[in-house]
Amino acid sequence: MFPLTRAIRVVNPRESKKDKPMNLFSQIRELVIDNLHAMLSEGSLPRGLSFDNVAVEPPRDAAHGDMATNAAMVLAKPAQMKPRDIAELLVQNLAMDPRIESAEVAGPGFINLRLSETLWRDLVKNVLETGADFGRSGMGQGKKVNVEYVSANPTGPLHVGHTRGAVFGDALASLLDFAGYDVTREYYINDGGAQVDVLARSVYLRYLEAHGQDVAFEDGTYPGDYLVPVGKALKDKVGDAYVGQDESVWLVEIREFATAAMMDLIRDDLKALNVTMDKFFSEKSLYGTGLIEDALASLEAKGLIYEGVLEPPKGKTPEDWEPREQTLFKSTEHGDDVDRPVKKSDGAWTYFAPDIAYHYDKVQRGYDELIDIFGADHGGYVKRMKAAVSALSDGQTPLDIKLTQLVKLWKNGEPFKMSKRAGNFVTLRDVVEQVGADVTRFVMLTRKNDAPLDFDFDKVLEQSKDNPVFYVQYAHARVCSALKKAGETGAAVTDADLAGADLSLLSDPAEITVAKKVAEWPRLVEIAGRTNEPHRVAFYLYELASELHSLYHMGKDKPELRFVQEGNAQATQAKIALARAVAIVISAGLGILGVTPAQEMR
RNA sequence: GCACCCAUAGCUCAGCUGGAUAGAGCGCUGCCCUCCGAAGGCAGAGGUCAAAGGUUCGAAUCCUUUUGGGUGCGCCA
């Protein structure tokens, strides 16, 4: 009954046979593809055509209808036909489908589709029935993805830069989960390098201080107040055992103690931002266990390790440059610009070696995709990490690295830089305690990750339209308020009641417009998930909120558009059903961003 | 010197694996509060998508070059 070629269709596992796909765009795309296959089998299209580039998208101009497809134009060349000829044929077939109100050829060969209003009403019903899961996609096909983010050195509290990385990574992880991936959130603890020795020495100073000694924090130590309690805690634990002792006596133990204390601090910071990790991976655990050696051996087996001397960078030779032989990873074989050292001249590992081992471990754990989130200042490591993963996985495991740009803080119209807590940088706590986790998270996602972000303490708390946090929250609260009011008039307003409402009472173009915006949600989830760009969710929510507010305000001039229709429970139900559908999507979207939807504004 | 990121309205920024007349907020101009929440609403003006070539039916989007910003560049992680 189906043409054989149907088998090549990508089947969405979450969309079972009996349920309609929730994504109207992919639903209509399938209709278009099915019709193209039909044209193929009846000979009006030549064999061997690929339909991969056929897209069904919302047109930029609403006057062009609800959806548009480029099918005729992308097929014209391979089919050696005129676009309009293909379009004319396709239009005739499409128009037979009950879901299509009208189909017409426009411009150079676009096909503009107008959908039956029933579809939009069904969609609203579908949202109410599906609830928070509306828009959840099967795109990821359950693939295992590892998202590594924050990964700050365990030497102090998280600062603003980490905050952006934390929010971005966490939202991306949630987004991918919603898009059908099996996501692991992971934090790499850099507890193996010289910086934790510095930490230990700094804590030792605070420890001496706790014993009443005067100490001086020289360059190369961490002077922040946050180590004061750690010094005291150490005193409580070991008494005066380390006082006057040589570093060789206490370094290892204090390092352990201090690192653990810093990780507690960092975990608390993350918790304050509602970020939870599935796994913390310790760099130190790679040493002395053969894991680094294994990873390097894997590269060596591929002929990618050699002893050699690097050329100095051209145009900017460091003053103390001298050629030396090192153990190098032939990263140039996998797209890097120069080969990278994995061992220092004294034979110790460079920082890159454990990084390779760590990613080797991730590959070995069987992830289908890896994502690393770095601060923009680590942009220089992107190529070598990609080269490493490419080599370690034989090109089988894609690694996407997202960089988060700087956050510039403003307060009272001027740059805000100092922190009482940490001395020379503003901490995550400083931000969250002033504006709250919800606001922090939303604002951090109102820019593309690779664009610098201005964070103005005054503006983000402002209750006005130019503050997207407020605007989106207000839309949700407004629906809650309307729902409550509708309930008071006697209308039944549980989601189940609303799903059963007579939605044919939603007939005004303004109402259909809002339903159409809701219909874009599943598509947006897939686009944002495909590009690893959670900020798209934030922008969409703003647009959706705007539609809701707009409809609400139309009720001023057109009473029949008001959400609550006094004395008409049926009409009220229909209006509230639409509003509630918007709220459900806002709530789900905010959930991905890690923001709590507001029930009321105050 | 090389690599990566960026350049879109006066300002801050979106812009879908290349789609039709490039969008939003702020600011500006003009209307609108006896009206479900005016902590605003509606409408309008405002653009050579840094520049020049190229690819193609079609480019803000892809390629090349140039200009102008940011970041990074072997024993720091």
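Computed from heavy atoms alone, side chains included, the values below leave out hydrogens, waters and symmetry copies. Residue numbers start from 1 in every chain, and the chains themselves are labelled A, B, ... in the order their sequence lines are given, proteins ahead of strands.
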**OP:** Provide the closest heavy-atom pair for A:Leu593 versus A:Ala171 in the form atom of the first, atom of the second, distance.
**Re:** CA-CB, 4.2 Å
Original post:
Using Watson-Crick pairs (N1 to N3, plus N6-O4 or O6-N4) and G-U wobble pairs, both distances under 3.5 Å, which stems of at least 3 pairs involve RNA chain B?
Top reply: B:1-5 with B:69-73, B:10-13 with B:23-26, B:28-32 with B:40-44, B:50-54 with B:62-66
**OP:** Using a heavy-atom cut-off of under 4.0 Å over every strand shown, decide if A:Asn70 touches base, sugar-phosphate, or nothing.
**Re:** base
**OP:** State whether A:Lys344 places a side-chain N or O below 4.0 Å from either non-bridging phosphate oxygen (OP1 or OP2) of B:G74.
**Re:** no
**OP:** Indicate, with a heavy-atom threshold strictly under 4.0 Å, whether A:Val56 touches base, sugar-phosphate, or nothing.
**Re:** nothing
Original post:
Nearest to the side chain of A:Ser345, which nucleotide is it out of B:C16, B:C75, B:A77?
Top reply: B:C75
**OP:** Please examine the side chains of A:Pro58 and A:Lys516, heavy atoms only from C-beta on, and report whether any two atoms are closer than 4.5 Å.
**Re:** no
**OP:** For each nucleotide in nucleotides 58-65 of chain B, reading 5' to 3', give B when a protein heavy atom comes within less than 4.0 Å of its base, S when such contact involves only the sugar-phosphate, and - otherwise.
**Re:** --B-----
Original post:
Contact class for A:Met554 vs. all strands (heavy atom < 4.0 Å): base, sugar-phosphate, or nothing?
Top reply: nothing
Original post:
What is the minimum heavy-atom distance between A:His162 and A:Ala152, and which atoms define it?
Top reply: NE2-CB, 3.3 Å
**OP:** Look at the side chain of A:Glu533 and decide which nucleotide, out of B:G41, B:G15, B:A77, has an atom nearest to it.
**Re:** B:G15
**OP:** Compute the centroid of each ring, for A:Phe374 and then for A:Tyr381, and state whether the two points are separated by less than 6.0 Å.
**Re:** no
**OP:** Between protein and nucleotides 2-12 of chain B, map the contacts as a letter string: B base, S sugar-phosphate only, - none, heavy atoms under 4.0 Å, written 5' to 3'.
**Re:** -SSSS-----S
**OP:** Kindly write out the residues that satisfy salt bridge (Lys or Arg N to Asp or Glu O under 4.0 Å) with A:Asp336, not counting sequence neighbours, or none if the list is empty.
**Re:** A:Arg340
Subject >> Sugar-phosphate, base or nothing in reach of A:Ala482, heavy atoms under 4.0 Å >> reply: nothing
Original post:
Looking for any heavy atom pair under 4.0 Å, which part of the strands does A:Pro83 touch: base, sugar-phosphate only, or nothing?
Top reply: nothing
Would you give me the side-chain donor-acceptor pairs under 3.5 Å for residues 346-355 of chain A, sequence neighbours excluded?
residue: A:Asp346; atom: OD1; partner: A:Ala348; partner atom: N; Å: 2.9
residue: A:Thr350; atom: OG1; partner: A:Pro341; partner atom: O; Å: 3.1
residue: A:Thr350; atom: OG1; partner: A:Val342; partner atom: O; Å: 3.4
residue: A:Thr350; atom: OG1; partner: A:Phe352; partner atom: N; Å: 3.3
residue: A:Tyr351; atom: OH; partner: A:Arg384; partner atom: NH1; Å: 2.9

**OP:** Could you tell me whether a side-chain N or O of A:Ser481 sits under 3.5 Å from a main-chain N or O of A:Ala477, the two making a donor and an acceptor?
**Re:** no
Subject >> Donor-acceptor under 3.5 Å (A:Arg562 side chain, A:Gly555 main chain) >> reply: yes
Original post:
Which residue, A:His553 or A:Glu600, contacts RNA chain B at a nucleotide closer to its 5' end, judged by nearest heavy atom?
Top reply: A:Glu600
Original post:
Under 3.5 Å, is there a donor-acceptor pair linking the side chains of A:Thr155 and A:Gln195?
Top reply: no
Subject >> Base B:A20 to side chain A:Asn112, donor-acceptor N/O within 3.5 Å cut-off >> reply: yes
Subject >> Stretch residues 535-546 of chain A: residues that reach within less than 4.0 Å of RNA chain B through a heavy atom >> reply: A:His535, A:Arg536, A:Phe539, A:Tyr542
